[in-house]
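Take a look at the structure below.
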Amino acid sequence: MSPAPTALDFSEVNSADIFAQRLASNRQKPLPQILTAAVQHLHELIREFRPTPEEWRDVIAFLTEVGHACDERRQEWVLLSDLLGASALVEEINSRRPKGATPNTVRGPFYRADAPHLPLGASISLDGVGEPLTVSARVQDLDGQPVTNATIETWQANAHGFYENQQPDRQPEFNLRGIFRSDKNGRIHYRTIKPAGYSVPDDGPVGMLMKQAGYPLRRPAHLHFMIKAPGFETITTHIFDRKDTHLNEDAIFGVKQELVLDFQAVEIGEWQADFTFTMARSKAGARA
Ligand code: BEZ
Ligand code: FE
């Protein structure tokens with residue numbers, strides 16, 4: 001029997017095995033496990049495409065640019081994960097819900113954790129630009145019973161398809177963001193403006209790369225929500241405007257049949273939307 005290869009035997013054939021040997025004694029831990037698997041796939045990719053050292057340096061330069069494009073208002077790594085379908089796949093794997101529960105979708109790069117708490121009926125449009133939209137929603141459990149005291153956090157793009165944190169000089173801080181609490185009937189309502197669909201940012205390394213590859217960058221018009229209630233699984237989701245013609249080609253794979261809704265005209269240029277979020281109890285069980 002020939003002796004096990006050592007690092008001195010590193011070759012095209014055994015590179016991933018040689019790497020794995022170095023982590024062998026820690027293989028039960030999650031980080032060494034995922035690192036070993038990731039390196040195996042990476043080495044396979046390199047063997048398949050056989051980049052030259054210059055081409056590989058271009059890959060590293062791209063990843064460096066992705067890092068440099070990030071700051072407290074912009075998350076280019078999240079955008080990369082979203083556009084590659086990786087975020088949607090992680091959601092699919094982790095948020096299998098009972099039938100009837102509102103599906104989870106990706107949170108996206110424009111979320112801000114510090115949105116203001118607002119009373120029911122308040123407007124989240126701080127600049128009043130756009131066609132008025134009244135949103136009402138009900139939060140219920142799988143039996144149709146109201147979930148009271150849930151927090152419903154929302155954020156959305158403006159009528160031109162931009163989030164407040166993309167345009168700090170043009171939109172008031174926290175424009176089109178707010179957190180509401182459901183009443184005794186599990187209901188909320190608030191005022192806003194009808195969001196426009198948009199293209200994900202293509203002025204950074206990720207958008208530029210994907211555009212070059214001919215990848216569609218459109219996102220159909222939507223409202224974002226995150227709904228939390230003790231004893232229930234948090235829902236992070238979107239509601240999409242049925243009239244948007246790009247429902248089928250969402251750049252980040254967020255559209256699902258259950259999340260498409262009619263924004264109804266109340267009169268010309270004024271809209272309303274009403275929908276129901278259905279929460280599944282968390283694994284721990286009873287409501288706290
Ligand atoms: C968003 O809907 O805010 C979004 C999600 C993923 C990538 C870009 C934008
Ligand atoms: Fe969005």
Side-chain angles (χ1 to χ4, degrees), residues 66 69-92 94-95 102-115 124-125 129-130 133 135 137 152-168 170-171 173-179 190 192-211 213 215-227 234-256 258-261 263 273 275 277:
V66 173
C70 294
D71 58 30
E72 66 284 359
R73 288 186 187 272
R74 181 169 185 138
Q75 234 309 348
E76 197 77 358
W77 286 110
V78 174
L79 185 62
L80 182 61
S81 162
D82 291 349
L83 287 181
L84 297 185
S87 307
L89 180 58
V90 169
E91 287 298 340
E92 282 298 315
N94 283 282
S95 59
T102 302
N104 253 21
T105 57
V106 307
R107 195 168 73 173
F110 299 123
Y111 173 74
R112 280 182 73 174
D114 44 3
I124 59 170
S125 170
V129 177
L133 166 70
V135 173
I152 295 98
E153 181 163 6
T154 187
W155 68 103
Q156 66 169 82
N158 70 4
H160 303 293
F162 291 101
Y163 288 81
E164 151 270 350
N165 46 350
Q166 289 178 286
Q167 296 188 312
R170 292 216 208 149
Q171 293 189 48
E173 177 144 42
F174 294 120
N175 194 32
L176 301 171
R177 293 176 192 271
I179 304 177
Y190 64 91
T192 181
I193 55 96
K194 195 163 173 279
Y198 55 88
S199 274
V200 303
D202 62 3
D203 58 342
V206 173
M208 277 192 237
L209 176 88
M210 298 305 273
K211 202 156 81 173
Y215 189 84
L217 295 176
R218 288 295 300 177
R219 292 230 62 206
H222 58 270
L223 307 169
H224 288 267
F225 293 95
M226 190 173 335
I227 299 131
T234 295
I235 299 173
T236 305
T237 200
H238 300 54
I239 296 293
F240 294 90
D241 180 355
R242 195 183 307 280
K243 289 215 179 64
D244 195 298
T245 51
H246 296 279
L247 285 177
N248 232 341
E249 55 189 60
D250 180 16
I252 65 145
F253 314 98
V255 181
K256 292 175 190 290
E258 308 94 295
L259 302 176
V260 178
L261 187 100
F263 288 18
F275 40 89
F277 296 110

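Each ligand, and each atom within it, is numbered from 1 in the order the structure gives. The chain is numbered in sequence order, starting from 1.
Taking a cut-off of under 4.0 Å to the non-hydrogen atoms of I252, the atoms of ligand 1 that pass are 5 (C), 6 (C), 7 (C). For ligand 1, the atoms sitting less than 4.0 Å from at least one non-hydrogen atom of H224 are 1 (C), 2 (O), 3 (O), numbered in the order shown with element in parentheses. Near V200, meaning under 4.0 Å from one of its heavy atoms, ligand 1 places the atoms 8 (C). Close approach to G108 involves these atoms of ligand 1, each under 4.0 Å from a residue heavy atom: 5 (C), 6 (C). The contact set between ligand 1 and H222, taken as ligand atoms under 4.0 Å from a residue heavy atom, comprises 2 (O).
Ligand 1 has an N or O atom lying under 3.5 Å from an N or O atom of Y163, backbone or side chain. Geometrically, ligand 1 and D82 share no nitrogen or oxygen pair separated by less than 3.5 Å.
None of the N, O or S atoms belonging to Q156 lies under 2.8 Å away from the Fe ion (ligand 2). The nearest N, O or S atom of H222 is closer to the Fe ion (ligand 2) than 2.8 Å.
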Please evaluate residues W155 and F110 with respect to the criterion ring pair (Phe, Tyr, Trp, His ring centres under 6.0 Å), reporting the C-alpha separation (whole Å), side-chain torsions for both, the decisive distance (0.1 Å), and the verdict.
CA-CA 8 Å; W155 68 103; F110 299 123; 10.0 Å; no

Could you go step by step and tell me if Y163 and Q171 meet the side chain to side chain contact (heavy atoms under 4.5 Å, CB included) rule?
CA-CA 8 Å; Y163 288 81; Q171 293 189 48; 5.9 Å; no

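Remark: aromatic rings of F275 and F225 are close, center separation under 6.0 Å.
Within a 6.0 Å radius of CG in N248, other residues, nucleotides and ligands contribute 12 heavy atoms or fewer.
Between the side chains of H246 and Y198, not a single donor N or O lies within less than 3.5 Å of an accepting N or O. With hydrogens and angles left out, the side-chain atoms of T192 and Q156 include a donor and acceptor closer than 3.5 Å. Between S87 and D82, the side chains place a donor N or O and an acceptor N or O closer than 3.5 Å (distance only, hydrogens not considered). H238 and R219 share a donor-acceptor pair across their side chains, judged by distance under 3.5 Å alone.
Heavy atoms of L79 found under 4.0 angstrom from ligand 1 belong exclusively to the side chain.
Of the protein's heavy atoms, Y198 OH, 2.8 Å lies nearest to atom 1 (C) of ligand 1.
Here the shortest heavy-atom distance to atom 2 (O) of ligand 1, taken over Q166, R219, H238, belongs to R219.
Rounded to 10°, the angle formed at the Fe ion (ligand 2) by Y198 OH and H224 NE2 is 160°.
Panel note: side chain Y111, backbone H224; no donor-acceptor pair is recorded below 3.5 Å.
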